[in-house]
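The block underneath contains the structure these notes are about, expressed in structure tokens.
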Amino acid sequence: MRASIFVFLCLAGVAHAADDSVIQYDCIPNYANWGGVTALYKQKSGVTVPPDPKGSSVAMAALEREKDAPRADCAYYSGAIGVAASQKGLHQPYKPTGWDKIPAGLKDKDGQWWTVHTGTIALVINTKALGAVPMPKTWDDLLKPEYKGKVTYDDPTWGGTGFTFVYGINALKGGSATNWKPGLEWLKKLDANISRYPRESIYNDVLRGEVAIWINADGNGYKMKWVDKGPVEVVVPKDGTVSMPLVMGMVKGAPHVAATKKYFDWLLSAEAQAEFAKSFFRPVVPGALPAELRDKFLPDAAYAGVKNLPLAEMATASEGLKKAWLAEIGKK
Amino acid sequence: MKRRRPLIIFGAVVALLLATFLLVPLVVVVVSAFSPSAALGVSSEQWAAGAGAGRAFRYVLATYGAHLRTSALLALLSASAALALGLPAGLSLGVAPRTRTAGALEILLTLPLAMPGLTVALALLTAYGAYAGDLGLLVLGHVLYTLPFTVRTVAAAARMSAIASALEAARTLGATRVQRARYLLLPSLRRAAQTSLLLALAVSFGEFNVTFLLATPAHGTFPTALYLTYTTNSFPVAAAATTIFLAGLVPLLAGALWLGGEPQQGA
Amino acid sequence: MAGGFVWPLARLCVAAFSRGTESHSGLYRLFADSYARRALGHSLALSLVVALASVAICLPAALSLARGRFVGRALLRGVFAIPLALSGVVVGFLAVAMLGNAGALPALLHTEWLRGTAYGLGGLGITYLYFEIPRATLTMEAALATVEDGLLEAARTLGARPRQLVWLVFWPLCAPALRAAFGVTFAASLGSFGVALIIAGRFPLLPVELYRSFTGTLDEPLGAAMALTLALLAIAVLWVSGRRAR
Amino acid sequence: MRIDFEHLTVEVSGHRALDDISGAFASGGVTAVIGPSGAGKSTLLRVLAGLIAPDAGRVRFDGADVTSLRPEERRLGVVFQDLRLFDFLSARDNVAFAPRVARVPASLQLERVDEALRLVRAGAFADRPARVLSGGERQRIAIARALAARPRALLLDEPFASLDAELRRSIREELREVVRALGVTAVVITHDRDDAFALASHFVVLSAGRIEQVGASNELYLHPATEYVATLLGEANLVAIDAREGDRVRVSGLVRSATGNGRRVLIRPEQLRVAGAATVTPTDGWAARVTDLRCSGAGWRVQLDAGSLGPLIAYVATPPAGENVWLVPPEEVHTV
């Protein structure tokens with residue numbers, strides 16, 4: 001008994017001594033290859049970045065709750081939510097090495113937030129789970145009754161990808177930051193075919209066939225297809241879609257500022273950017289996408305209809321749109 | 001007497017069916033953890049861990065090893081704290097006459113078990129949100145859950161062995177305070193202390209609600225790691241993590257059961 | 001103890017009555033908002049069904065474990081103890097593993113019929129049962145073990161026929177055990193969070209909505225009101241069933 | 001109702017709890033089955049009540065074979081050692097249980113219950129829940145419950161085990177009255193000879209699963225067949241005999257007419273007369289020395305050393321004057 005207690009304490013001591021860590025909210029191993037990126041960083045620097053399942057909105061909510069005693073060093077969001085977090089004053093400025101390579105429009109002038117990579121909202125389809133039903137080609141195809149129970153998009157009040165899609169479909173359907181009606185009307189029709197609104201990454205559910213159609217970042221679909229060799233196809237709807245910059249920022253009052261700055265610097269390095277690219281998120285640093293990976297994306301023509309969304313407006317509208325979505329769809 | 005036999009046999013068959021219902025999913029999960037096949041959705045996370053049946057386990061230990069260590073530490077700290085507090089508390093409850101104060105204290109102690117775990121976690125978060133992620137707060141949360149087990153087990157043992165009267169008898173025979181503790185108290189409570197320690201370890205090791213809401217990624221526990229694998233990892237990884245969890249939990253439970261205890265409520 | 005538990009509870013009560021950024025208190029909104037009410041209703045209905053079902057299903061098993069003497073009885077009891085210490089998320093995962101769209105059971109049995117059951121109402125019920133069966137069985141077993149054979153014998157010598165024996169003696173003797181088991185399973189189902197978190201899908205349940213209010217929409221008053229309501233309901237049910245049982 | 005049992009054998013895990021015993025309980029009589037714990041008394045009662053089936057042998061009620069009859073069909077009233085009240089019912093509902101399960105019409109039920117309650121003087125607490133009753137009240141209700149069944153016979157298993165001495169005496173007397181008044185056949189299982197003498201006129205003595213002796217209570221007391229029965233039923237002086245001639249025996253010099261056929265003489269303590277040296281001639285008695293003297297309430301219990309006779313006990317009304325006394329045995333003695 002005494003011996004086992006001793007062993008336990010030793011183990012525990014090891015667990016606790018590893019204090020050279022950076023706490024990142026929203027660090028899902030299987031999203032944008034964060035698992036691979038953090039493992040590589042650990043190998044390079046010895047610094048641990050533990051996994052964290054929070055979606056963008058939850059990460060922001062947690063930062064807000066912990067404002068007076070911050071626990072996290074940094075957070076990763078889909079664009080608008082990260083910008084909203086900056087607007088709430090949850091970030092402190094930092095401009096990591098390589099700042100100038102980030103294209104304009106994908107970073108804050110003061111360094112409150114910046115983009116690390118981008119994705120495109122698309123249909124990720126498990127063809128085996130879809131069965132005999134034909135592949136949808138456009139957004140409106142999804143409203144057809146044959147897709148009943150097969151369509152999924154992330155709860156927009158939880159994660160940023162879901163929010164980007166909801167905002168984006170509103171924009172595509174003719175709405176604006178002040179007029180949500182067209183988007184919500186369309187989403188209400190889609191609701192009839194929705195199996196659930198997941199609050200966590202369902203990457204593996206899609207890969208395994210738990211879910212047939214996932215409205216999500218294209219990169220997740222490519223990874224399923226090329227890396228995990230799943231029966232998965234990516235469809236970029238013909239009637240246009242939106243892009244989604246994924247951003248980061250340093251938490252105001254972060255416990256490990258120096259370590260976090262080093263981490264940020266490294267994330268924009270060619271090495272880290274190429275690691276992100278392994279999961280088919282497009283590096284924000286131009287030219288960092290290796291050629292052999294570029295060929296595995298759909299041809300550029302498929303991406304012709306991709307729109308960029310105004311992040312600042314989206315951020316301002318985010319609370320209102322989330323509430324409206326809850327009232328009209330999520331809580332129906 | 002003989003007429004009730006059919007009922008007992010029927011009941012035993014039902015119990016057997018229910019036990020099968022309880023066991024089969026665990027067996028399926030454990031088996032699939034050892035035989036990850038493409039059908040179960042082998043995913044990119046594992047390619048890095050190499051080939052073979054153990055790769056899901058290697059991945060889990062590499063990715064969530066810190067969670068496992070945190071859980072072990074947390075279980076050890078909170079179970080020891082619960083034992084340190086619960087031994088005297090349970091002893092005085094068991095030895096003291098059943099007064100109203102004693103009854104109220106016992107109810108207060110067991111209240112955290114009666115409440116939904118989420119309520120307890122939320123109450124802690126509301127009051128001590130500023131300390132979220134501190135190991136101390138996690139230990140406090142776990143002690144709330146483990147203390148009732150130690151207090152109850154020890155109090156029951158104290159009542160059963162009629163310690164109060166034995167102590168009186170020992171005093172009349174001239175035993176000093178130290179001798180009474182050495183020869184009476186410790187031997188009669190030893191089993192209860194062991195049982196409740198094992199139970200407390202099991203309860204703390206498996207507790208989800210409190211750590212899920214109170215832990216930051218820096219001190220994630222293994223149940224939160226399980227949640228992570230369930231929501232973000234592939235099936236074989238989730239199955240491997242569950243297998244590791246069971247491997248930690250089942251021996252504790254078996255030990256406690258063997259010593260005569262019983263977990264009252266999971267988390 | 002007071003600082004560790006009573007103070008946080010008091011804070012929770014205060015939070016439930018506070019308004020936050022909304023115009024009404026969390027408690028008011030819990031009962032005014034139809035969605036929150038629905039979540040509460042679902043939670044109550046699901047817990048009721050699960051508690052009744054688990055008591056009914058587990059009664060014969062508990063009887064047999066309490067009063068029978070057969071080989072493997074101790075092992076059987078051990079099996080029943082395992083799920084008690086599993087967190088809800090694990091049980092939720094087991095449900096997905098067995099009854100999900102790509103679950104083991106539909107695959108092994110080559111049937112489409114069971115596919116995806118985990119996410120439906122039936123799956124939710126079965127999964128809750130997985131959690132509550134051990135609880136119900138062991139609670140009833142403990143209570144039934146104290147039922148004396150002697151009373152049944154006495155009734156027989158007084159002329160009670162088998163059916164009368166069941167209704168006039170055995171049933172009244174078992175009733176406290178059943179009530180206690182009902183109370184315990186009801187309260188546990190009501191507060192069960194992990195299972196719901198993993199598989200509740202589109203079915204709003206109070207614990208998940210509570211979590212969502214607190215973590216997602218940052219509505220602390222509403223979350224606190226839900227947490228408090230859950231706790232009060234659970235304690236009330238436990239108290240009534242336990243008191244009547246005495 | 002007369003109860004006969006023939007060649008009853010019951011084996012409990014390889015041990016014979018009842019070993020081929022036969023006997024009868026007379027109709028309308030009160031019989032005590034007496035013996036130490038483990039003698040098989042309760043087993044006999046459980047066989048009579050139908051709660052266990054004998055491995056061999058028969059039970060007859062008024063000549064009819066009831067061996068295979070189930071307990072609920074035997075129409076007996078059983079009062080158990082641990083009473084076995086239904087604590088979830090009121091006292092009255094406990095008593096009403098048997099009429100109720102027998103589907104006696106409601107008005108008649110009421111009458112029977114009231115009668116039973118009256119017989120045991122339980123009216124005052126009849127409407128309280130059984131679980132709050134005191135020990136004596138519980139005992140009364142248990143008896144009333146058995147009586148309300150209108151049993152063909154009453155079986156009582158150590159009926160006063162849970163009562164203190166005073167309550168035991170008073171309830172015993174009440175039970176005696178009730179049983180007598182009803183004229184019901186009754187069998188009392190007991191290890192306590194006071195209970196047995198107080199209630200029963202007829203004894204069956206059991207030992208190790210076998211019947212040791214059967215007979216009227218006074219008969220067994222004075223003329224036990226074995227030393228075991230002799231000591232079971234009361235304090236006994238057992239003295240070896242010097243010689244035997246027909247129906248006469250010589251005990252330490254004194255010649256007495258004798259019954260029985262044993263090698264020792266039974267002299268009950270109250271049969272020994274303790275006299276001063278002046279009133280007795282040596283040929284009438286034995287010289288003895290008082291070693292202990294204690295008041296037993298009604299009289300005195302004297303412990304004596306009578307030399308080669310060994311220690312003897314005598315009950316006397318007044319304590320002997322000096323330390324040295326004479327002991328005078330009765331004219332007729334019983335040998336065992």
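A note on names: the letters A, B, ... follow the listed sequences, proteins ahead of strands, and every chain is numbered from 1.
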Run the side-chain contact (heavy atoms from CB on, under 4.5 Å) check on B:L108 and C:V6 step by step: do they pass? CA-CA 9 Å; B:L108 188 67; C:V6 179; 4.1 Å; yes
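- Across all their heavy atoms, C:P207 and B:L118 have their closest contact at O-CD2, 3.2 Å.
- Heavy atoms closer than 4.5 Å to chain B are found in both the backbone and the side chain of C:I82.
- Contact of B:L246 with chain C is made through the side chain alone, with heavy-atom distances under 4.5 Å.
- Between C:L86 and B:L26, some side-chain heavy-atom pair lies under the 4.5 Å cut-off.
- With a threshold of 4.5 angstrom between heavy atoms, C:F214 approaches chain B through side-chain atoms but not through N, CA, C or O.
- Note that CZ of C:F80 and CG of B:L23 are 9.5 Å apart. Values are rounded to the nearest 0.5 Å.
- Closest non-hydrogen pair, C:A227 versus B:L122, comes out as CB-CD2, 3.6 Å.
- With a threshold of 4.5 angstrom between heavy atoms, B:L252 does not approach chain C through any atom at all.
- By the side chain to side chain donor-acceptor pair (under 3.5 Å) test, C:E209 pairs with C:Y35, sequence neighbours left out.
- Looking at every heavy atom in both residues, C:S64 comes nearest to B:I8 through OG-O, 2.9 Å.
- Proximity to chain B (any heavy atom under 4.5 Å) is restricted, for C:L210, to the side chain, taken from C-beta onward.
- Taking all atoms of both residues into account, the shortest heavy-atom contact from B:L22 to C:V79 is CD1-O, 4.3 Å.
- Here the closest non-hydrogen pair linking B:P116 and C:A234 is CD-CB, 4.0 Å.
- With a threshold of 4.5 angstrom between heavy atoms, C:I57 approaches chain B through its backbone and through its side chain.
- Closest of all the heavy-atom pairs between C:I235 and B:A114 is CG1-CB, 4.3 Å.
- Screening B:Y227, B:F245, B:F208, B:F235 against C:F93 for a ring pair (Phe, Tyr, Trp, His ring centres under 6.0 Å) leaves a single residue, B:F235.
- Atom-to-atom distance recorded for B:M115:CE and C:L228:CG is 8.0 Å, nearest 0.5 angstrom.
- Contacts of C:L232 with chain B are absent, with no heavy-atom separation under 4.5 Å from either backbone or side chain.
- The part of B:L249 that comes within reach of chain C is its side chain, from C-beta onward, which places non-hydrogen atoms under 4.5 angstrom from that chain.
- For the atom pair CZ (C:F5) and CG (B:L147), the distance works out to 11.5 Å, reported to the nearest 0.5 Å.
- The parts of C:L230 that come within reach of chain B are both its backbone and its side chain, each placing non-hydrogen atoms under 4.5 angstrom from that chain.
- For chain C, the nearby part of B:L213 is the side chain; its heavy atoms alone come within less than 4.5 Å.
- Aromatic ring orientation, B:F21 versus C:Y130: perpendicular (interplanar angle above 60°, classes split at 30° and 60°).
- Contact of C:A15 with chain B is made through the side chain alone, with heavy-atom distances under 4.5 Å.
- Distance CZ/B:F212 to OH/C:Y211: 3.5 Å, rounded to 0.5 Å.
- Looking at B:L124, the atoms closer than 4.5 Å to chain C (heavy atoms on both sides) sit in the backbone and in the side chain alike.
- With hydrogens and angles disregarded, a donor-acceptor distance shorter than 3.5 Å links the side chain of C:S87 to the backbone of B:G206.
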